[in-house]
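Proteins get letters first, then strands, A, B, ... in listed order; numbering begins at 1 in each. Just so it is clear, the values below take in all heavy atoms, side chains as well, and ignore hydrogens, waters and symmetry mates.
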Amino acid sequence: MELLVAARAFELLLGWSLTLQTLESLHVIRMDRISYWPVQRQELPRRPTVLTPLLDALMQPGPYRAMLVLRLILALMLISGGLGLSGAVLLFLIAVVLLFRWRGAFNGGSDFMTLVGLSGLLLAQTGQALGHAETGWTACLWYVALQTISSYFVSGWVKLLRPEWRSGAALPIFLDSGVYGPLPPDSLFRRPRVARAVSWIFTLWEGCFVLALLDQRIALAYCASALAFHFLVYWYFGLNRFFWAWLASFPAVIYCALP
Amino acid sequence: MDAWLLGTVLLLVAYFAALAWGLRHRGRTLRGPWLFFLRAFFPNWKFFHAVGRAPRLYVRGRDVNGQCGPWQRIYPQLPRRAWHLLHNPAVNLALTQQNLIDHLAQDINDLPEGADPQHCVSYALVCRLALDALQGGHWGDQTLIAQAMPEAAAWQLELRMEHPGLPDHAPESVLMLQSDFMPLPARAA
């Protein structure tokens, strides 16, 4: 994959992922009756002293909503290809503010991967602003690809170290506890042989994701199967943000694979 | 193979070897307010990696006659909808609130002997969650608990560490924290 094509695909998909996340965040404002900034602010780091008043101001309903609307506009600009360094900086800063708003993460892994994407974008736009667009985008795509492959690699091998995953016993337990769970009583995943086979297939597939770097055709196949994997994760655990956040990283994986 | 390619391949091999080594060797856990808020910059990518004890929140109400309702678990399990792949705020909010319960359990574990968990921010937020459940709060069109008790005079929460059970480990439920009964705040008219 050419650098320009990979960079543009990355921008499009990251922008799309950010758009969906932001629309959800705007909706969440009306639904959330638990978060309470006067309590949450008590655990903020005391230094720098400017942090607490700054966040106090941003967490007021009006400014918070305005910040999300700004994020939505920036995400649409990213999709259109018209986002420069200042836009990338703003997107990154808003992401950091949202980490404080949600006590470190709103949706765990998808926030982590979105931040990886935004850090990469910042790297690329900085390079571009300094007149080294090619170096900036190459660094961005390699950073995103390495984090993406690490995510599968770690997630796979850490499971293989656990006896409950090797035996397949963990699979129905996690699926039962999923947000769309529990599994029906006659689910195939309750059969120990099926659960063991599925567990081994998924964990080995994850653990060997690094092989995607060997060849772009392997990378394409890996990314296509990853889409199916993330769809299943969404289907059972409701993690829709994971689907889009990881999808945004696939152009980087394909670009970094050997041609 | 040219020198650049060879160098890149060697670096990649070294990186993933170090990553694999790190999975088997637990390092020191760094903690602090900045690391707590900015932990997303240091993702560990360990998803669903182990079956173990997980914190579960329960709530119950007590009416004016002193009669207690049943303990009810607050745990998100919602119906799937066709549009959830694109737009799923209720489920994501519910998962965030479950995460809050995990943080409370972690905070309690980290407290020094004899310290009061009521001073933790996570405790204050979990109280809001339990109270909201009792008063009929919902995730989308799904209530947090089956039987809300909005007219209760007092309420109480319980945090239990629950193990779902494995072939070599029986299911268990261990009490971690039980609050005193607390009066319900007056509701806005």
Side-chain angles (χ1 to χ4, degrees), chain A residues 20 23-25 27-28 31-36 39-40 42-45 96 99-100 102-109 111-113 115-116 146-147 150-151 153-155 157-159 161-162 164-165 167 169-170 173-174 176-182 210 213 231 234-235 238-241 243, chain B residues 5 12 15-16 19-20 22-24 32-34 36-51 54 75-80 84-100 103 120-122 124-126 128-129 132 137 139-140 164-168:
Chain A
L20 294 181
L23 290 172
E24 275 186 354
S25 300
H27 198 158
V28 160
M31 305 172 107
D32 183 15
R33 298 171 304 278
I34 309 307
S35 303
Y36 188 50
V39 169
Q40 288 173 238
Q42 293 167 18
E43 61 184 349
L44 291 176
V96 174
L99 294 181
F100 283 99
W102 292 106
R103 304 182 72 242
F106 175 66
N107 195 228
D111 288 1
F112 303 166
M113 187 48 86
L115 208 55
V116 165
L146 270 184
Q147 288 282 6
S150 302
S151 72
F153 181 84
V154 170
S155 188
W157 290 108
V158 86
K159 285 189 188 80
L161 294 174
R162 302 291 308 185
E164 65 266 35
W165 273 107
S167 70
I173 290 174
F174 280 116
D176 273 337
S177 67
V179 78
Y180 296 137
V210 66
L213 287 175
F231 184 81
Y234 150 70
W235 189 256
L239 301 173
N240 66 318
R241 290 183 172 218
F243 182 87
Chain B
L5 186 57
L12 285 172
Y15 169 74
F16 283 103
L19 215 52
L23 293 179
R24 293 197 72 103
W34 280 103
F36 173 70
F37 284 106
L38 302 181
R39 63 186 183 278
F41 283 100
F42 315 99
N44 70 14
W45 305 124
K46 292 179 184 172
F47 303 125
F48 305 109
H49 70 288
V51 176
Y75 187 78
Q77 289 202 308
L78 289 82
R80 189 189 297 112
H84 278 181
L85 183 61
L86 291 168
H87 192 67
N88 205 3
V91 162
N92 283 315
L93 183 61
L95 293 171
T96 301
Q97 290 168 353
Q98 181 58 37
N99 210 18
L100 188 59
H103 283 164
C120 297
V121 166
S122 55
L125 295 174
V126 165
R128 288 173 64 84
L129 176 62
D132 185 53
W139 290 307
L166 280 169
D168 60 343

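Contacts with chain A were tallied for B/Tyr75, B/Trp139, B/Trp34; B/Trp34 has the most, counting heavy-atom pairs under 4.5 Å. In terms of heavy-atom pairs under 4.5 angstrom with chain A, the leader among B/Pro167, B/Ala50, B/Pro164 is B/Ala50. Between chain A and the options B/Asn99, B/Val126, B/Asp168, B/Leu12, heavy-atom pairs under 4.5 Å are most frequent for B/Leu12. No other option in A/Phe153, A/Trp165, A/Trp157 has as many heavy-atom pairs under 4.5 Å with chain B as A/Phe153. Ranked by heavy-atom pairs under 4.5 Å with chain A, the first of B/Asp132, B/Leu129, B/Val91 is B/Asp132. Chain A forms more heavy-atom pairs under 4.5 Å with one residue of B/Gln77, B/Arg80, B/His49 than with any other, namely B/Arg80. Among B/Asn44, B/Leu38, B/Val51, the residue making the largest number of heavy-atom pairs under 4.5 Å with chain A is B/Val51. When the candidates A/Gly109, A/Gly181, A/Gly238, A/Ser150 are compared by the number of heavy-atom contacts under 4.5 Å with chain B, A/Ser150 comes out ahead. Between chain B and the residues A/Arg33, A/Arg241, A/Gln147, A/Gln42, the largest count of heavy-atom pairs under 4.5 Å involves A/Arg33.
Separation of atoms CG (A/Leu239) and CZ (B/Phe47) is listed at 9.0 Å; rounding is to 0.5 Å. Taking CZ of A/Phe243 as the start and CG of B/Leu86 as the end, the distance is 9.0 Å to the nearest 0.5 Å. Taken to the nearest 0.5 Å, the CZ atom of B/Phe36 stands 10.5 Å off from the CZ atom of A/Phe100. Atom CE of residue A/Met31 and atom CG of residue B/Asn92 lie 10.0 Å apart, to the nearest 0.5 angstrom. Going from atom CZ of A/Phe112 over to atom CZ of B/Arg39 covers 6.0 Å, rounded to the nearest 0.5 Å. Here the CG atom belonging to B/Leu23 is positioned 6.5 Å from the CG atom belonging to A/Leu161, to the nearest 0.5 angstrom.
Residue contact with chain A, scored on non-hydrogen atoms closer than 4.5 Å, involves the backbone and the side chain of B/Ala20 alike. Heavy atoms of B/Phe42 lying under 4.5 Å from chain A are absent altogether. Looking at A/Ser25, there are no atoms closer than 4.5 Å to chain B (heavy atoms on both sides), in backbone or side chain. Looking at B/Ala90, the atoms closer than 4.5 Å to chain A (heavy atoms on both sides) sit in the backbone and in the side chain alike. Only the side chain of A/Val210 comes within contact range of chain B, with heavy atoms under 4.5 Å apart. The part of A/Leu213 that comes within reach of chain B is its side chain, from C-beta onward, which places non-hydrogen atoms under 4.5 angstrom from that chain.
Taking the side chain as every heavy atom from C-beta outward, B/Leu85 and A/Phe231 approach each other to under 4.5 Å. Proximity of A/Val154 to B/Phe16: side-chain heavy atoms (C-beta onward) are nowhere separated by under 4.5 Å. Residues B/Val121 and A/Arg103 have side chains in contact (heavy-atom distance under 4.5 Å, counting atoms from C-beta outward).
When the salt bridge (Lys or Arg N to Asp or Glu O under 4.0 Å) test is applied to A/Asp111, no partner is found at least two apart in sequence or on another chain. In this structure, the salt bridge (Lys or Arg N to Asp or Glu O under 4.0 Å) partners of A/Arg162, at least two apart in sequence or on a different chain, are A/Glu164.
Of the options A/Tyr180, A/Tyr234, A/Trp235, a side chain to side chain donor-acceptor pair (under 3.5 Å) to B/His84 is made by A/Tyr180 and by none of the others. With respect to B/Asn88, the side chain to side chain contact (heavy atoms under 4.5 Å, CB included) criterion is satisfied by exactly one of A/Val179, A/Asn107, A/Asn240, A/Leu20: A/Asn240.
Here the closest heavy-atom approach between residue B/Gly165 and residue A/Ile173 is recorded as O-CD1, 3.3 Å. Of all heavy-atom pairs between B/Ala40 and A/Leu115, the closest is CB-CD2, 3.7 Å.
Put simply, the side chain of B/Thr96 gets close to the backbone of A/Phe106: a donor and an acceptor are under 3.5 Å apart. A donor-acceptor contact shorter than 3.5 Å is absent between the side chain of B/Gln97 and the backbone of A/Asp32.
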